[in-house]
Amino acid sequence: MTRFTPEQLEAARDRVVPDVVAGGLSVLFCGINPGLMTAATGHHFARPGNRFWPVLHLSGFTPRLLRPDEQGELLSYGLGITNVVARPTARADELSREEYLTGGRLLVEKVERLAPRWLAVVGVTAYRTAFGEPKAAIGPQQRVIGSTRVWALPNPSGLNAHWTAATMAEEYARLREAATGTP
């Protein structure tokens, strides 16, 4: 992994991290927003300690553990990645409520255009804020966007100590089973 200086990470605040998307995906994973390591590398969930890639593999979504720089391979599995808010930050608490609400509206437009089978928001707090559903819990949601069902997943950040990689993988596997119809 490339080492970045604090100055290089700060400079990444102005970068846009492209989505990994296509029409008709099985699952579109949606992060909160890019972290500075993601912005610096241009690869989603790039921060060491983020458990997204290991959990994706442990849950059966991918046949092997992918590295962040292999994110393009997700499309071959019917998977993609976007974010609620495009602006990179060091921490999600740097985002304003208005950024979440605006991001939620833009996300709805993106989902209507791409029509994935499932939208999986990785971070229930981000889902609650972006969609104005303060009582939402981890799991499938009542909300439907066009024909797309919505699932709130635990945030894979290493800071989310309530969830281990194993317990997160169980929840991600529940979504995989719902998306593919196979256990």
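Start at 1 with the first residue, then count along the sequence.
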For the pair Leu119 and Val121, evaluate side chain to side chain contact (heavy atoms under 4.5 Å, CB included) and give the outcome as yes or no after the intermediate values. CA-CA 6 Å; Leu119 171 66; Val121 180; 4.1 Å; yes
Can you name the one residue among Val111, Leu107, Val122 that meets side chain to side chain contact (heavy atoms under 4.5 Å, CB included) with Cys30? Leu107
Would you check, one step at a time, whether the test salt bridge (Lys or Arg N to Asp or Glu O under 4.0 Å) holds for Arg105 with Glu98? CA-CA 11 Å; Arg105 286 191 295 274; Glu98 186 54 43; 3.4 Å; yes
Shortest non-hydrogen contact from Ala39 toward Ala12: CB-O, 3.3 Å
Just verifying a value: how many Å separate Met168 CE and His162 NE2, rounded to the nearest 0.5 Å? 11.0 Å
For Gln142, is the CD atom crowded, meaning more than 12 foreign heavy atoms sit under 6.0 Å from it? no
Between the CG atom in Asp93 and the CD1 atom in Ile32, the distance rounded to the nearest 0.5 Å is 10.0 Å
Judged by atom type as modelled, is there a donor-acceptor pair below 3.5 Å linking the side chain of Arg143 to the main-chain atoms of Phe131? yes
Salt bridge check, Glu70 against Arg67: does any charged N sit closer than 4.0 Å to a carboxylate O? yes
Nearest heavy-atom contact between Pro156 and Phe45 is CG-CE2, 4.0 Å
Approximate separation, where rounding is to 0.5 Å, of Ser59 OG and Arg176 CZ: 6.5 Å
What's the shortest heavy-atom distance between Asn155 and Arg51, and which atoms? O-NH2, 4.3 Å
Is there a donor-acceptor pair under 3.5 Å between the side chain of Arg15 and the backbone N or O of Ala40? yes
Closest non-hydrogen atom pair between Thr62 and His57, with its separation: O-ND1, 3.0 Å
Considering only heavy atoms from C-beta outward, does the side chain of Ile145 approach that of Glu112 to under 4.5 Å? yes
Steps toward side chain to side chain contact (heavy atoms under 4.5 Å, CB included) verdict (Gln71, Leu66): CA-CA 7 Å; Gln71 65 188 12; Leu66 298 176; over 6 Å; no
Do the side chains of Phe61 and Val55 get nearer than 4.5 Å, heavy atoms only? no
Under the criterion ring pair (Phe, Tyr, Trp, His ring centres under 6.0 Å), I'd like the reasoning laid out for Phe29 against Phe52: C-alpha separation, chi angles, the key distance, then a yes or no. CA-CA 10 Å; Phe29 291 96; Phe52 178 78; 5.4 Å; yes
Would a 4.5 Å heavy-atom cut-off, applied to side chains only, mark Phe4 and Thr41 as touching? yes
Shared ILVMFWY cluster between Val17 and Val20, side chains joined below 4.5 angstrom? no
Residue pair Arg174 / Pro140: nearest heavy atoms and the distance that separates them: NH2-CD, 3.8 Å
With clusters defined by side-chain heavy atoms of hydrophobic residues (ILVMFWY) lying less than 4.5 Å apart, directly or transitively, does Leu106 cluster with Tyr100? no
Check: Thr129 and Arg97 side chains under 4.5 Å, non-hydrogen atoms: yes
Co-membership, hydrophobic cluster, residues Trp53 and Leu58, 4.5 Å side-chain: no
Measuring only between side-chain heavy atoms, which start at C-beta, is Val27 closer than 4.5 Å to Leu175? yes
Are Met37 and Pro48 side-chain neighbours, meaning at least one heavy-atom pair lies under 4.5 Å? yes
Report, one line per pair, each donor and acceptor closer than 3.5 Å where one atom sits in a side chain of residues 147-154; sequence neighbours left out.
unit_1: Thr148; atom_1: OG1; unit_2: Pro116; atom_2: O; d: 2.6
unit_1: Trp151; atom_1: NE1; unit_2: Glu171; atom_2: OE2; d: 3.0

Looking at Ala136 and Val124, what are the two nearest heavy atoms and their distance? O-CG2, 3.6 Å
Return a table of donor-acceptor pairs under 3.5 angstrom between the side chains of residues 73-90 and protein atoms on other chains or two or more places apart.
unit_1: Glu73; atom_1: OE1; unit_2: Arg64; atom_2: NH2; d: 3.2
unit_1: Glu73; atom_1: OE2; unit_2: Arg64; atom_2: NH2; d: 3.0
unit_1: Ser76; atom_1: OG; unit_2: Glu73; atom_2: O; d: 2.7
unit_1: Thr82; atom_1: OG1; unit_2: Asp19; atom_2: OD1; d: 2.9
unit_1: Thr82; atom_1: OG1; unit_2: Asp19; atom_2: OD2; d: 3.1
unit_1: Thr82; atom_1: OG1; unit_2: Lys110; atom_2: NZ; d: 2.7
unit_1: Arg87; atom_1: NE; unit_2: Glu99; atom_2: OE2; d: 2.6
unit_1: Arg87; atom_1: NH2; unit_2: Glu94; atom_2: O; d: 3.1
unit_1: Arg87; atom_1: NH2; unit_2: Glu99; atom_2: OE1; d: 3.1
unit_1: Arg87; atom_1: NH2; unit_2: Glu99; atom_2: OE2; d: 3.4
unit_1: Thr89; atom_1: OG1; unit_2: Asn33; atom_2: ND2; d: 2.8
unit_1: Thr89; atom_1: OG1; unit_2: Arg91; atom_2: O; d: 2.9

Side-chain heavy atoms of Pro34 within contact of His44, under 4.5 Å: no
Under the salt bridge (Lys or Arg N to Asp or Glu O under 4.0 Å) rule, collect the residues that match up with Glu109, sequence neighbours excluded. none
